[in-house]
Protein chains: 4
Amino acid sequence: MSAKVVDKQERRDQILGAAIRVFARKGFSRTTISDIAAAAEMGKGTIYEYFGTKEEIIHHSFEFFMRHLEMDFEAVLISKMPAVSKLRTIFDGFAGFIDSHTRQMMELMFDFWSEAIKNKDTKGAIYTEMKKFYKAYREIFADIIIEGMGEGAIRKDINPRSAAAAIVGALDGIMVQWVLDQDEFDFKDVTRTIGISFLEGLLSERT
Amino acid sequence: MSAKVVDKQERRDQILGAAIRVFARKGFSRTTISDIAAAAEMGKGTIYEYFGTKEEIIHHSFEFFMRHLEMDFEAVLISKMPAVSKLRTIFDGFAGFIDSHTRQMMELMFDFWSEAIKNKDTKGAIYTEMKKFYKAYREIFADIIIEGMGEGAIRKDINPRSAAAAIVGALDGIMVQWVLDQDEFDFKDVTRTIGISFLEGLLSERT
Amino acid sequence: MSAKVVDKQERRDQILGAAIRVFARKGFSRTTISDIAAAAEMGKGTIYEYFGTKEEIIHHSFEFFMRHLEMDFEAVLISKMPAVSKLRTIFDGFAGFIDSHTRQMMELMFDFWSEAIKNKDTKGAIYTEMKKFYKAYREIFADIIIEGMGEGAIRKDINPRSAAAAIVGALDGIMVQWVLDQDEFDFKDVTRTIGISFLEGLLSERT
Amino acid sequence: MSAKVVDKQERRDQILGAAIRVFARKGFSRTTISDIAAAAEMGKGTIYEYFGTKEEIIHHSFEFFMRHLEMDFEAVLISKMPAVSKLRTIFDGFAGFIDSHTRQMMELMFDFWSEAIKNKDTKGAIYTEMKKFYKAYREIFADIIIEGMGEGAIRKDINPRSAAAAIVGALDGIMVQWVLDQDEFDFKDVTRTIGISFLEGLLSERT
DNA sequence: CATGAATGAGAGTTCATTCAT
DNA sequence: GATGAATGAACTCTCATTCAT
């Protein structure tokens, strides 16, 4: 009666997974639909049963990417530990977050950044999502910092949102360097240093 | 003859300048040779008198990009001021470095990052240059930090190279955020906060 | 078994009816099998249970089309009225033949004409059928004219087959104009005028 | 200094001429850009230097078609001869108008008719042009008929516009039959018969 | 030297057709 | 028998590159 039954959502994810793998290796523009079809082990036409255009695949792969990138801070955030411990825990945990999967994701991130900024003024679903993403991360850190200020552990003469931006930037920034030159990096030591720098400062003595 | 050579170089730069402007707006792949020719106000064929392929233009535009991006730390570095002052001067000056020209450059940076990483294993002139670029910047900061350690102003229990990576990352990272969402940023305050955070730490008291 | 056969034929007609509706709206080439399946309210695969190819559907839809287009002159033809009355009756009745259904059919006719002529030299089932169709119509009119000549009512210095061709052409031709520009037409008056023109002539007096 | 110089308009016409030849043989939908390029003896890409889309080629080929189809009645129309002579001249001349070139044009006409009607409700440049074309032709004949009425040569109890529609339709209609079945036709005799029928009527005697 | 008309390889996309369910 | 997911041939269109002028 009915034809072959497939889980449409699963199939879409299968395609997006394949797409992301190829995108990470070749970039959006050099990736062809044929490439994606080959990676997903299906015919070129099948791709179009699930996505209308290549553009659409790129957009949805960003969602997919985000779904799988999300660092899980949840446990840390809802814990009862003091704010400063939360920060230390996150800094220390960050190194563990880094692996080959993340690496692939970061390589793709460059393309998403580019894509986002290039379509900023038009439709820009990626752009919008990305802004939300960064905003959310800054807010996580800003909240912890404000919490720490309330606890008296963190100095009150700085803007929590600026500090949050600095922290997010630092984590982001070292990932960029790491992706570009893995060999130069003792990731663990760099994150440890970030923890020390941000919290205690680099100076020998407070001035 | 010498005049000819200068002329030739000038023409190349004219093309590269035009290319960079278009690249920043549309990205590498969406930019056509026609676009570049139009922006450079010359014929499509003329481009090929100076560059063999589009690829070559992209590669050389990275050099050109770097030549014009270079933050001038020279004055600070050769000055006699103590290391910590050098760092403060750089952090404070960083906000001034940011302008619409830089913004355009950063939008292009995403493409170069992507391009670099995608050709990492093949030819990768951009990749190599980029690694050198980051290494150089890290070394500048590492040198200052080591200098500061020698002066006794900077704590000796951290790895200067890791700290340098952290600083470069932080500066890079906030630029990414700024480019993606200019409105959310008080750039001056964020760089000020980076200075405070890194040097004095966020804690109320040293533990 | 007989029931099955009837059922099968019914299903084929269901498909052809749907096909014709879509063909009339979008033309052969822009109509997809999916369109037809949707219009026939069945699955795409089911279509192929009844027809081997899209081509075959087009061919059979011409038969179907002809079966439903057929103007019923039968009653007029077998009646005992004089030839000239037969012609007048047909001319007068022609306006009544025109309705929205006919309109749709005529829109399709353009496609069949095109299809016929394009396959003239190859297989050309439609071409053959169409030639037969026109020939038959011309013969109907030629027979009436010959009959009228026999009755002495119609002049004998013309070729009945040429006159028949002219009549069929005129009826065909005004349908084309009507389909292309319904608003410009008082169909009833035009057919009345055709009757007058052809029979009595446009001249005030015979020369 | 400047590159190859070509007459752009000439090149466009070269393409349109080739397009029409292929269209007439294969129909719009079965004609590929490659076909047209081959017929025009140029590369596929060259076509796109002159026309943006296949659609555009179809539209412009209609203009081109019309430009080359136009029957030249001018001489007849401006002549001093009486209206009835004008009609006779046109009817007699019509057979001469028919040749292999016209045949090819008529084969294409089916496609234009179909195309026009299918895009009636959307953009429909062809549709609009075609309506104008028929309207113009009807007006030519209506004017002659009115002139003839003024001269007292043509009866006044018919609507000139309806008669004009009938004449245009008859000419159109016999062309359709001729294109579909050349062998059945003594074109000269049919046009002669049309002249006789329309002017003097088929009846032996006026009733 | 400068140019832009010409080109075809190659990309995205459509859709008739097949076939496992 | 009925279905629609899967497929790839074939089509439209783009654009880096060439080369006659």
Side-chain angles (χ1 to χ4, degrees), chain A residues 1-8 11 29-38 40-57, chain B residues 4 7-8 11 29-38 40-58, chain C residues 4 7-8 11 29-38 40-58, chain D residues 1-8 11 29-38 40-57:
Chain A
M1 183 73 87
S2 72
K4 211 178 304 179
V5 176
V6 295
D7 183 329
K8 285 248 177 188
R11 212 97 165 88
S29 63
R30 277 195 273 274
T31 298
T32 69
I33 297 292
S34 287
D35 289 334
I36 297 173
E41 291 179 305
M42 57 181 72
K44 196 154 42 108
T46 310
I47 303 288
Y48 284 91
E49 292 283 320
Y50 295 89
F51 298 95
T53 62
K54 186 184 172 185
E55 194 84 337
E56 207 179 305
I57 298 176
Chain B
K4 276 283 177 61
D7 205 63
K8 186 135 189 167
R11 212 100 160 95
S29 63
R30 280 195 270 272
T31 297
T32 68
I33 297 293
S34 281
D35 289 334
I36 297 173
E41 292 178 304
M42 60 181 70
K44 207 165 8 135
T46 310
I47 303 284
Y48 282 90
E49 293 285 323
Y50 297 90
F51 298 95
T53 64
K54 186 184 173 183
E55 195 83 337
E56 206 178 308
I57 297 175
I58 292 176
Chain C
K4 275 282 177 58
D7 204 62
K8 185 132 187 168
R11 211 100 160 95
S29 62
R30 280 194 271 272
T31 297
T32 69
I33 297 292
S34 280
D35 289 335
I36 298 173
E41 291 177 306
M42 59 181 70
K44 209 169 3 142
T46 311
I47 302 285
Y48 283 89
E49 294 286 323
Y50 297 90
F51 299 94
T53 63
K54 185 183 173 183
E55 196 83 338
E56 206 178 307
I57 298 175
I58 292 175
Chain D
M1 182 74 85
S2 72
K4 210 179 302 181
V5 177
V6 297
D7 184 328
K8 284 245 174 194
R11 213 97 165 88
S29 62
R30 276 194 273 273
T31 297
T32 69
I33 296 292
S34 285
D35 289 335
I36 298 173
E41 290 178 305
M42 56 180 73
K44 198 161 32 114
T46 310
I47 304 287
Y48 284 93
E49 293 283 321
Y50 297 89
F51 298 95
T53 63
K54 185 182 171 182
E55 194 83 339
E56 207 179 307
I57 297 176

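Lettering follows sequence order; numbering is per chain, from 1.
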All salt bridge (charged side-chain N to carboxylate O under 4.0 Å, His left out) counterparts of A:Arg11, not counting sequence neighbours: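 With neighbours one apart ignored, the set is empty.
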
First encountered from the 5' end of DNA chain E, between D:Glu49 and D:Lys44: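 The residue whose closest nucleotide sits nearer the 5' end is D:Glu49.
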
5' precedence on DNA chain E between D:Ile47 and A:Thr31 (nearest-nucleotide basis):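 Taking each residue's closest nucleotide, the earlier one in sequence belongs to D:Ile47.
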
For a quick test of reading the model: is some side-chain N or O of [X] closer than 4.0 Å to OP1 or OP2 of [N]?
X: B:Tyr48; N: E:dT3; answer: no
X: C:Tyr50; N: F:dG1; answer: no
X: D:Thr46; N: E:dT7; answer: yes
X: B:Arg11; N: E:dC1; answer: no

Contacts of A:Thr32 that satisfy side chain to side chain donor-acceptor pair (under 3.5 Å) - sequence neighbours left out: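 Checked A:Thr32 against side chain to side chain donor-acceptor pair (under 3.5 Å); matches are A:Asp35.
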
Rounded interatomic separation in angstrom, taking NZ from B:Lys54 and P from F:dT14: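 Distance check: B:Lys54 NZ to F:dT14 P gives 15 Å.
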
Separation of atom CG in C:Asp35 from atom P in E:dT14, rounded to whole Å: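 For the pair C:Asp35 CG and E:dT14 P, the rounded distance is 13 Å.
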
Backbone N/O of A:Thr31 and side chain of A:Lys54: donor-acceptor pair under 3.5 Å: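 Between the backbone of A:Thr31 and the side chain of A:Lys54 there is a qualifying donor-acceptor contact (under 3.5 Å).
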
Residue mapping more 5' on DNA chain F - nearest nucleotide basis, D:Ile33 or B:Ser29: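 The answer here is D:Ile33.
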
D:Ser34 or A:Glu41, whichever maps to the more 5' nucleotide of DNA chain F: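 Taking each residue's closest nucleotide, the earlier one in sequence belongs to A:Glu41.
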
Touch class at under 4.0 angstrom, heavy-atom based, for C:Gly45 against every strand present: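 Base contact.
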
Base-pair map of DNA chain E as dot-bracket, where | denotes pairing with a different strand and pairs are Watson-Crick or G-U under 3.5 Å: .||||||||||||||||||||

Side-chain heavy-atom pair C:Ile33, C:Ile57 within 4.5 angstrom cut-off: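 Yes, at least one pair of side-chain atoms sits under 4.5 Å.
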
